[in-house]
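As the structure is a computational prediction, the values presented were derived from the model and not from experiment. Order of the sequence lines fixes the chain letters, A, B, ..., with proteins taken first and strands second; residue numbering starts at 1 for each chain.
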Amino acid sequence: MDGAVIGIWLAALLTLGIMSFVYRDNLYYKICEAIFIGISAGYWFITFFWDSLYRIAWIGIVHEGRYVLLGGVILGAMMLMRLFGKIGWIARWPLAFIVGATAGLKMMVYFTTNAMAQIHDTVYDTVTAFSGGDLYNLIGRLVILLGTVTGLIYFYFSKEHKGIFGGVAKVGTWFLMITFGASFGYTVMSRMSLLLGRIEFLLTDWLKLVK
Amino acid sequence: MKHQIPMLILSAVGTLLVVSVFVPSAQHWGEDATLYFDIIAVFAFFLGGGNLIRVHTEKVSHKSAGWIYSVVTLLGFGIMLVTGLFKIGNPNGIAGDLSKSGSYFQLLFQYVMSPLNSTMYALLAFYVASASYRAFRAKNTEATILLVAAFVILLGRTALGVLLTNWIPAQLSVLQIPNLAIWIMNAPNLAGQRAIMIGISLGVISMSLRLLLGIERTYLGGDS
Amino acid sequence: MIALLRVAKFVVSLCSLLFIVSFLPGQSVYSQDTASSVNNLPPITVKAYDTENDAGSSITVEWSDPGYWRREGFNGYRLSRKNVASGIEDSLDVLPTGHVLHEDRSVSDDSSYTYTLAVLINGANLTSTSTEVVRSSKQWFDNRLTWVLILGLIICGAVIYFIESAKRGTKLFLRRIAGLEAIDEAVGRATEMGRPILFIAGIQDMDDVQTIAGLTILGSIARTVAEYDTKINMPVCTSLVMTAARETIKHAYVTAGRPDAYNDDMVRYVTNEQFGFVAAVDGIMVRERPAACFLLGAFFAESLIMAETGNSIGAIQVAGTAMPAQLPFFVAACDYTLIGEELFAASAYLSGEPRQLGSLKGADVGKAIAMIVILVGVIATTIASAWNSESMLWIENLLRQMFSTG
């Protein structure tokens with residue numbers, strides 16, 4: 001029996017093990033789960049080790065002379081101080097670095113790509129529809145305008161959702177529900193195809209029932 | 001010292017990275033910070049991996065319930081570490097690329113991890129079915145709207161949607177389910193998405209400022 | 001009559017000729033036609049200038065080709081650079097048709113240069129006159145981001161203003177958020193049932209602001225957990241989140257006056273693998289049967305697997321994410337869902353601290369600005385395009401400049 005056949009048998013048995021969870025939690029699933037956790041944790045450690053520690057840090061600093069990366073190594077080493085009770089608090093420094101960097105970078109990214117770009121598109125989509133589009137297109141764009149504004153009103157925190165304001169916020173909720181329904185409906189079919197993919201593997205590669 | 005310095009680091013790094021976006025010669029700082037993050041994450045993994053080993057070793061040594069699964073986890077973790085660190089079976093030896101097919105590490109990925117991953121992902125088909133069942137029992141106006149939108153989109157992506165409404169004349173083709181589905185995706189769905197995205201960005205700004213100003217600091221152990 | 005016939009014959013012949021010519025290969029017809037028309041073309045004009053909004057060491061060379069590129073035998077443009085001080089001349093790249101601009105990134109800010117452009121045509125190369133002397137320099141501010149800076153300052157200014165005014169004691173109203181008010185109820189239920197609560201901070205690392213938001217909410221939940229003496233179980237999929245979550249829970253226990261009840265094992269690392277983590281969480285859910293599950297952070301496809309498993313064990317579920325694609329699944333499978341911005345507002349809301357609440361009020365100013373801009377923008381630009389109103393056109397252009405991020 002060659003290695004590939006063993007591999008396919010192994011893959012098939014693991015596939016069935018995970019699928020068995022749909023029925024209920026069982027010994028077979030627990031073994032597959034344990035294998036999955038061990039193997040995947042090891043996989044990621046090795047990937048991080050070679051890709052980040054070796055390729056970025058070691059090659060970068062030692063071979064390419066990018067000494068600026070030494071800062072990362074020092075912060076990383078500080079992280080390990082958690083292992084030493086008394087100076088464990090030093091691990092907060094790299095954590096603070098990461099949180100600070102994330103806050104600074106993401107604030108700008110979200111502001112430009114989400115807020116500004118979406119405001120720009122909402123305005124100009126509507127205008128384009130007014131100036132050249134047909135009635136069908138125009139109604140669509142007005143719906144976008146109405147939905148965006150009422151949706152934003154739903155997210156307004158500093159005013160109680162009562163009276164007219166509450167009514168408008170309610171319309172916003174309906175738009176959000178349409179959005180969720182649309183995403184839901186859109187995803188259902190693609191999720192079904194994933195299952196078909198696994199069944200195909202079992203029938204074709206493993207059992208060879210389908211050619 | 002234990003709290004002021006981390007706060008100082010956080011505020012300084014965050015502020016500098018905001019400023020760097022506007023200064024051409026500093027615009028690469030964001031990328032450098034990402035590299036720093038990658039390196040710190042590897043060191044942190046020694047803590048995570050260590051925790052994994054400790055938790056499961058304790059379970060085995062105390063013969064706690066399900067200790068045998070901990071043995072399997074530890075074995076899986078160990079095998080992956082050994083094959084990956086020493087690149088066992090790698091066609092080009094220790095100097096070769098780890099992603100080269102043929103190495104034991106890649107074989108384990110291909111025949112163990114990949115099928116486990118795909119199957120777990122595929123389970124979504126069952127879960128999406130049960131969630132649909134729940135979502136499609138419209139209990140109020142909001143749930144009904146969600147249901148109708150989902151149903152139209154779902155039908156619009158299948159041949160059934162075409163079959164059901166192809167009798168509608170061309171002048172009213174917008175009412176044919178596939179066209180209606182496209183309209184829902186491009187108009188009300190887009191509106192909702194935009195409101196959510198603008199809201200998210202303002203939420204991120206407000207939260208980032210709370211972090212940078214040191215108002216929110218629980219994840220750093222607060223003032224304890 | 002004969003004259004008329006002659007004219008008709010001529011027209012027919014001409015049409016036939018044109019008809020035949022139209023079937024000939026396009027390029028050769030075009031080239032023959034244009035080759036003669038470009039014989040007396042004006043010289044090519046070249047200008048060089050310091051590249052704008054950059055970190056220096058870059059000069060942009062721009063030229064306008066009056067039509068040499070249409071000539072038969074055209075082989076491209078060759079750009080040459082001369083260092084004014086040393087006199088050294090370098091031949092740069094040969095650029096094919098279509099190029100009218102080249103950014104030279106191999107210059108030094110300390111030297112001055114001139115450029116010439118040669119049009120390479122078989123046999124004869126036509127060289128332009130030298131550009132004016134140019135020197136590269138770095139800019140301290142990226143002008144393209146002026147409006148980003150102004151708008152960012154307005155919104156950040158509003159947030160900071162309300163934080164400060166809350167600090168001074170101004171009372172701020174905030175509407176209730178259903179999902180957050182259910183947290184105490186969920187923890188209380190877990191306490192009554194003697195079961196743990198499960199907290200998942202998403203599957204991303206600390207470089208995702210949603211994970212940080214999840215951890216800030218964890219701080220409030222953990223304080224309630226500590227007060228009620230309930231068990232909290234938090235599997236994580238990255239080591240950095242493990243470290244931060246431990247700090248958060250430890251702090252909550254200290255704040256609640258129960259530091260001795262804290263244990264590092266409340267948070268444990270599972271695996272970085274998305275579905276490996278899900279397999280483990282599903283296992284924990286069905287075996288430990290937590291009374292409440294909190295799914296707060298960045299989630300992807302695994303959101304539904306976790307939420308449905310939690311639902312199947314009858315746990316109260318509070319979820320929240322800023323991933324729009326996953327929100328429908330949480331809405332369908334969980335008792336309460338924090339939608340997008342609500343996730344970021346949650347920790348401020350739960351803390352009840354005036355300064356934190358002030359920041360939410362500031363974000364509301366941002367929303368008001370967004371709504372006003374959208375409405376004014378649509379009205380102004382619609383009037384501008386329908387009636388050619390100059391003032392409205394001005395507003396349209398202004399808004400286009402302000403919100404153009406590309």
Go through the atoms of [X] and report whether side chain, backbone, both or neither lie under 4.5 Å from a heavy atom of chain B.
X	answer
A:Trp50	side chain
A:Asp121	both
A:Met108	side chain
A:Trp93	both
A:Ile90	neither
A:Val22	side chain
A:Leu69	both
A:Phe157	neither
A:Phe21	side chain
A:Phe155	side chain
A:Leu196	neither

* Asked: Counting only heavy atoms not in B:Phe151, do more than 12 sit closer than 6.0 Å to its CZ atom?
  -> no
* Asked: Using the benzene-type ring in the case of Trp, are the ring centres of B:Phe45 and A:Phe49 under 6.0 Å apart?
  ->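 When the ring centroids of B:Phe45 and A:Phe49 are compared, they turn out to be at least 6.0 Å apart.
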* Structure fact -> Counting heavy-atom pairs under 4.5 angstrom with chain B, the leader among A:Phe48, A:Phe175, A:Trp89 is A:Trp89
* Any side-chain heavy atom of A:Val188 sitting closer than 4.5 Å to one from B:Ser132? -> yes
* Asked: Who wins among B:Tyr69, B:Phe77, B:Phe37 for the most heavy-atom pairs under 4.5 Å with chain A?
  ->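 Looking at each of B:Tyr69, B:Phe77, B:Phe37 in turn, B:Tyr69 comes out on top.
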* Asked: Are there residues of residues 11-18 of chain A that reach to under 4.5 Å of chain B by heavy atoms, and which ones?
  ->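 Within residues 11-18 of chain A, near chain B: A:Ala11, A:Leu14, A:Thr15, A:Ile18.
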* Asked: Given the rule in the side-chain contact (heavy atoms from CB on, under 4.5 Å) test, do B:Asn189 and A:Tyr186 qualify, once you have shown the distances and angles that lead to the verdict?
  -> CA-CA 11 Å; B:Asn189 167 58; A:Tyr186 195 80; over 6 Å; no
* Can you label the angle between the B:Phe109 ring and the A:Tyr43 ring as parallel, tilted or perpendicular, going by 30° and 60°? =>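 Rings of B:Phe109 and A:Tyr43: parallel, under 30°.
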